[in-house]
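Notes for the one structure printed next.
For ligands, and for the atoms within them, numbers begin at 1 and follow the listed sequence.
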Amino acid sequence: MSSTATEPKEEQGAEDAPLTDGFHLVIDALKLNDINTIYNVPGIPITDLGRFMQAEGMRVLSFRHEQHAGYAAAIAGYLTKKPGICLTVSAPGFLNGLTALAHATTNCYPMILISGSSEREIVDLMQGDYEEMDQLAIAKPHCKAAYRILHAEDIGIGIARAIRAAVSGRPGGVYLDLPAALLGQVMDAAAGEKSLVKVIDPAPAQLPAPEAVKRALGVLKDAKRPLIILGKGAAYAQVDDDIRKLVETSGIPYIAMSMAKGLLPDDHDLYAGAARSLVLKESDTVMLVGARLNWLLSHGKGKQWGTEPKKFVQIDIEPKEMDSNVEVAAPLVGDIGSCVSALLDGMGKDWKKPPADWTDAVKAKRDSNVEKMAPRLLNNNSPMDFHGALGALKRIIADNPDTILVNEGANTLDFARSIIDIFKPRKRLDVGTWGVMGIGMGQAIAAAVETGERVLCVEGDSAFGFSGMEIETICRYNLPICVVVFNNGGIYRGTDVNPSGGDDVATTVFVKDARYDKMMEAFGGVGVYATSPDELSQAVTEALKSGKPTLVNAVIDEKAGTESGRIGNLNPQSVVSKK
Ligand code: ADP
Ligand code: TZD
Ligand code: MG
C-alpha cells in the first residue's frame, strides 16, 4: 500500500486526485524492497523523513553521531545481505557518515548512505547555503556508486539503482543524495506508486565457468599439503552448510579470518587456527574462500608464507581480485554459493583426502599450542591480565554460543581473536579490513537490532572512547548489550611517560582509574566495576541472563599490553633514537 501525503491533497481540494510527495515516495520505495530499518541522526532537511518513516511502521533508530549510525548500517548489511541504511543531514552529518560508507566499501558490506543536501542552485554556484557541500562529488571516490535524485518521479528508479549497486557483485557502499527540494516535490499518488521499482533478484547468482571448476579441482587434487582459508566473504554468503560440507568432504585443514570464525565451530577437527604459523608456512596449496590476500595475510608472500612456492586457488565474486598480490593458479570467479556447490559436485564420492602425515602434523601442532595456552587462561590475577580476563569470557561464549561478540582495540582485539572460540557463523564482528577503531557501539546496536540476540562487546578503553556516547542509545532502546571495557589506562598500555619530562601525560595515556561503569549508570544501565576474572565472569553472566544494558569496567594491569598489539612491526622506525 502506498502512503499518501494528506496535506498537499487538502491544498489541492478534495475533488482532485490524491497526491504524494518525495518524503513518502522514498518511504514507499524502501518498504517495497523490504527495507524497514533506518539508522540515523535527525536534522534539516531529513527530520520529517525520519518521522514519516516511523509513522509508516519503519524502525528508525536515532544515534548521537552519524559515524556510529553508519557503522550500524554497514554491519546490518553484512548480517542481512540487504543494504543497511544510514540517514544523515547535509555537509557535516554527511561527512560524519562518510567514514562508515568508505568502511563498508572497503569491507564489502552492502550499505546505502542517504543524506539530505542543500539547494542545488546555491551549492553549485557556491553561494553559501546552510550546510553547503557538493556531497555527490565527495562521496564518489569512497563508494561503489553515488547517485542524486532530482525529480520525485525518479525516486523509485534511484532507490532501485542504489539497492542493486550495493548488493550485486562485490557488495559495497552506495551514496544517495536527496536534495531538500526533492522531498517536498508533489506528484499524483497513482503515478507515484507506478514509478516505484521492486528490485528483482538484486544479487544474481554468478556461476563459475566449468573449466575453472575443473582447473581448481585439479590443483587441489595434486596438493600434498593443502590449506583452506575462509574469509568474511564466505560468512557473508550465508551458505554455511555447503561451506562445512566443502571442508569436511575435502578433508583439508582450514583457518578462518577473524570474522569467518565460527562458520564451522572453532573446535572442529580440521580447524588449524592454533597452528596458523605452521599451515601458512608449510602448506603447498591454499584455497581462499571469500578472503583477500591483503595485509591481513601478509599479501600472500614473505617470511610468514615460507620459502617453497605455493599454488593458490581463489574463490571470489570480483574478477579483479585475482592476481592482486601473487599469482593465482586457479581463479574461481563467481558467487561463493555457486562455486562451492560446483566444487562439491566435482569432488563426488571418491575424493581422496590429503595425506595423513600433513593433517596429523597440523593437528599435533594445534593441540600442543592449545594445551600450552590453557593454564594461562585460568589465572585469577587482580588486576587482570589479558589471558585471565579473556579466559573468563571464552568460557562464557562457549556456554552461550548464540551471543554475538563485537571486538575492537589493539591488545584487546588481538588476544580476544585468538583466545575466544566462536561456534556459529557471523557471531564475531570486529574492526574489519582497516583495523578501524570506533565500530564498537554501532555494530553492537545493529547486531542486537537485526538479530534479536545478546551482544557482548569487548572493547579496549581507547577503542571504546570512539563510540562511547552511544551507550545512551543502547539504554534508550533497552538493547541486550553487555559492554566490557578492558581498562588498562591507555592505548596499548597505561605506563608511558612524557619523554620531555613536561607536565602533560604521555600521548598514549588516559586518566588513571577511569570509571566507565559510571557512564552506563548515568543513562539508567547497569554499571559494574570488576577487578578479577571471577568478578568479570559473574557480571557478564548476569548481564547476558538479564539482557539489561550493562557496562563492565574490567581493570586490566596497565603493564600487560604491547605496542600495537600484534602488529607493532607495521610502525615505521626513526633513525633518531627515542628519548
Ligand atoms: P577477510 O578480511 O575475512 O579476509 P576480505 O574482506 O578480505 O575477508 O574478503 C572478502 C572477499 O569476499 C572479497 O574479496 C569479496 O569480493 C568476496 N565476496 C563477498 N561476498 C561474496 C560472495 N557472495 N561470493 C563471492 N565472493 C564474495
Ligand atoms: N584511529 C582509528 C579510527 N583507527 C585506529 N586504528 C587508530 C586510530 C589507531 N589505533 C589502533 O590501531 S589501536 C588503537 C588506536 C588508537 C587503540 C588501542 O588501545 P585500546 O586497546 O585501549 O583500545 P589496548 O587493549 O590498550 O591495546
Ligand atoms: Mg587500552
Answer yes or no for [X]: is there a heavy-atom contact with ligand 2 below 4.0 Å?
X    : value
Y492 : yes
G438 : no
G490 : yes

Using a plain distance cutoff, I'd like to know if [X] has any nitrogen or oxygen under 3.5 Å from a nitrogen or oxygen of ligand 2.
X    : answer
F386 : no
I491 : no
A410 : yes
F466 : no
E408 : no
N411 : yes

Against heavy atoms of [X], which atoms of ligand 1 measure under 4.0 Å?
X    : result
N294 : 7 (O)
Y236 : 20 (N)
G231 : 3 (O)
C108 : 13 (C), 15 (C)
G290 : 8 (O), 9 (O), 10 (C), 11 (C), 12 (O)

For this session: Over 60° means perpendicular and under 30° means parallel, so classify the ring planes of F415 and F386, tilted if in between.
Result: parallel
For this session: Specify whether Y78 and Y109 have parallel, tilted or perpendicular ring planes, treating 30° as the upper limit for parallel and 60° as the lower limit for perpendicular.
Result: tilted
For this session: May I ask you to identify, for M257, whether its side chain, its backbone, both or neither come under 4.0 Å of ligand 1 on a heavy-atom basis?
Result: side chain
Salt-bridge contact [X]-[Y] (side-chain N to carboxylate O under 4.0 Å):
X    : Y    : answer
R170 : E321 : yes
D242 : R244 : no
K424 : D402 : yes
K394 : D421 : yes

Problem set entry | For A463, atoms of ligand 2 separated by under 4.0 Å from a heavy atom | 23 (O)
Exercise. With a cut-off of 4.0 Å, which atoms of ligand 2 are near a heavy atom of N488?
Worked result: 24 (P), 25 (O), 26 (O)
Problem set entry | D461: its N/O/S atom lying closest to the Mg ion (ligand 3) (atom name) |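 Per the distance ranking, D461 contributes OD1 as its closest N/O/S atom to the Mg ion (ligand 3).
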For this session: Can you confirm whether something in the protein, heavy atoms only, sits under 4.0 Å from atom 9 (C) of ligand 2?
Result: no
Exercise. So is D316 polar-close to ligand 1, meaning N/O to N/O under 3.5 Å?
Worked result: yes
Problem set entry | Nitrogen or oxygen of R170 less than 3.5 angstrom from that of ligand 1 |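 Yes; the residue has a nitrogen or oxygen that sits under 3.5 Å from a nitrogen or oxygen of the ligand.
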Exercise. Shortest non-hydrogen contact from I315 to I336?
Worked result: CG2-CG1, 3.9 Å
Exercise. Shortest non-hydrogen contact from A205 to S338?
Worked result: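 Smallest interatomic distance, heavy atoms only, reads CB-OG, 4.0 Å.
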Problem set entry | Close side-chain approach of M347 to L246, heavy-atom, < 4.5 Å |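 Sidechains of L246 and M347: in contact.
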Exercise. Would you say L536 and L393 make side-chain contact, with heavy atoms under 4.5 Å?
Worked result: yes
Exercise. Given the rule in the side chain to side chain contact (heavy atoms under 4.5 Å, CB included) test, do N571 and E563 qualify, once you have shown the distances and angles that lead to the verdict?
Worked result: CA-CA 9 Å; N571 285 308; E563 177 92 3; 3.9 Å; yes
Exercise. Any heavy atom of G334 sitting closer than 4.0 Å to ligand 1?
Worked result: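 Flag set, G334 near ligand 1.
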Tell me which protein heavy atom sits closest to [atom], plus the residue, atom name and distance to 0.1 Å.
atom                    : answer
atom 6 (N) of ligand 2  : G435 O, 2.9 Å
atom 3 (O) of ligand 1  : K232 N, 2.7 Å
atom 17 (C) of ligand 2 : S462 OG, 3.3 Å
atom 7 (O) of ligand 1  : R292 NE, 2.9 Å
atom 19 (C) of ligand 1 : G233 CA, 3.7 Å
atom 23 (N) of ligand 1 : A237 CB, 4.0 Å
atom 26 (N) of ligand 1 : I317 N, 3.1 Å
atom 25 (O) of ligand 2 : T412 OG1, 2.6 Å
atom 4 (N) of ligand 2  : M437 N, 3.1 Å
atom 22 (O) of ligand 2 : D461 OD1, 2.6 Å

Exercise. From the Mg ion (ligand 3) out to just under 2.8 Å, does an N/O/S atom of G490 turn up?
Worked result: yes
Exercise. Counting backbone and side chain alike, does T412 bring an N/O/S atom below 2.8 Å of the Mg ion (ligand 3)?
Worked result: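 It does not; every qualifying atom lies at 2.8 Å or beyond.
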Problem set entry | Best match, V340, I336, D430: closest heavy atom to atom 24 (N) of ligand 1 |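 Among V340, I336, D430, the closest heavy atom to atom 24 (N) of ligand 1 comes from I336.
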Exercise. Within 45 degrees of the axis of the six-membered ring of Y236 and under 6.0 Å from its centre: does K81 put its NZ or CZ there?
Worked result: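 Judged by the rule (NZ or CZ under 6.0 Å from the ring centre, within 45° of its axis), K81 counts as positioned above Y236.
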Problem set entry | Test applied, side chain to side chain contact (heavy atoms under 4.5 Å, CB included); reference residue, L390; option that passes from I419, I397, D385, T412 |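 With L390 as partner, side chain to side chain contact (heavy atoms under 4.5 Å, CB included) holds for just one option, I419.
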For this session: Can you spot which of T403, L456, V458, I396 makes a side chain to side chain contact (heavy atoms under 4.5 Å, CB included) with C482?
Result: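 The residue from T403, L456, V458, I396 that satisfies side chain to side chain contact (heavy atoms under 4.5 Å, CB included) with C482 turns out to be L456.
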For this session: Going by the side chain to side chain donor-acceptor pair (under 3.5 Å) test, name the single residue among D240, T451, T80 that passes it with R426.
Result: D240
Problem set entry | CG (D241) with more than 12 external heavy atoms under 6.0 Å | no
Problem set entry | Flag if over 12 foreign heavy atoms under 6.0 Å of NZ, K512 |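 Counting other residues, nucleotides and ligands, NZ of K512 exceeds 12 neighbours.
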For this session: Return yes if some donor-acceptor pair links the side-chain N/O of E470 with the main-chain N/O of H65 below 3.5 Å, else return no.
Result: yes
Exercise. Hey, is the main chain of E282 close enough, under 3.5 Å, to the side chain of R225 for a donor-acceptor pair?
Worked result: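 A pair under 3.5 Å: yes.
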Exercise. Yes or no on side chain to side chain contact (heavy atoms under 4.5 Å, CB included) for N553 and R515, after CA distance, side-chain angles and deciding distance?
Worked result: CA-CA 7 Å; N553 183 351; R515 293 295 300 267; 4.2 Å; yes
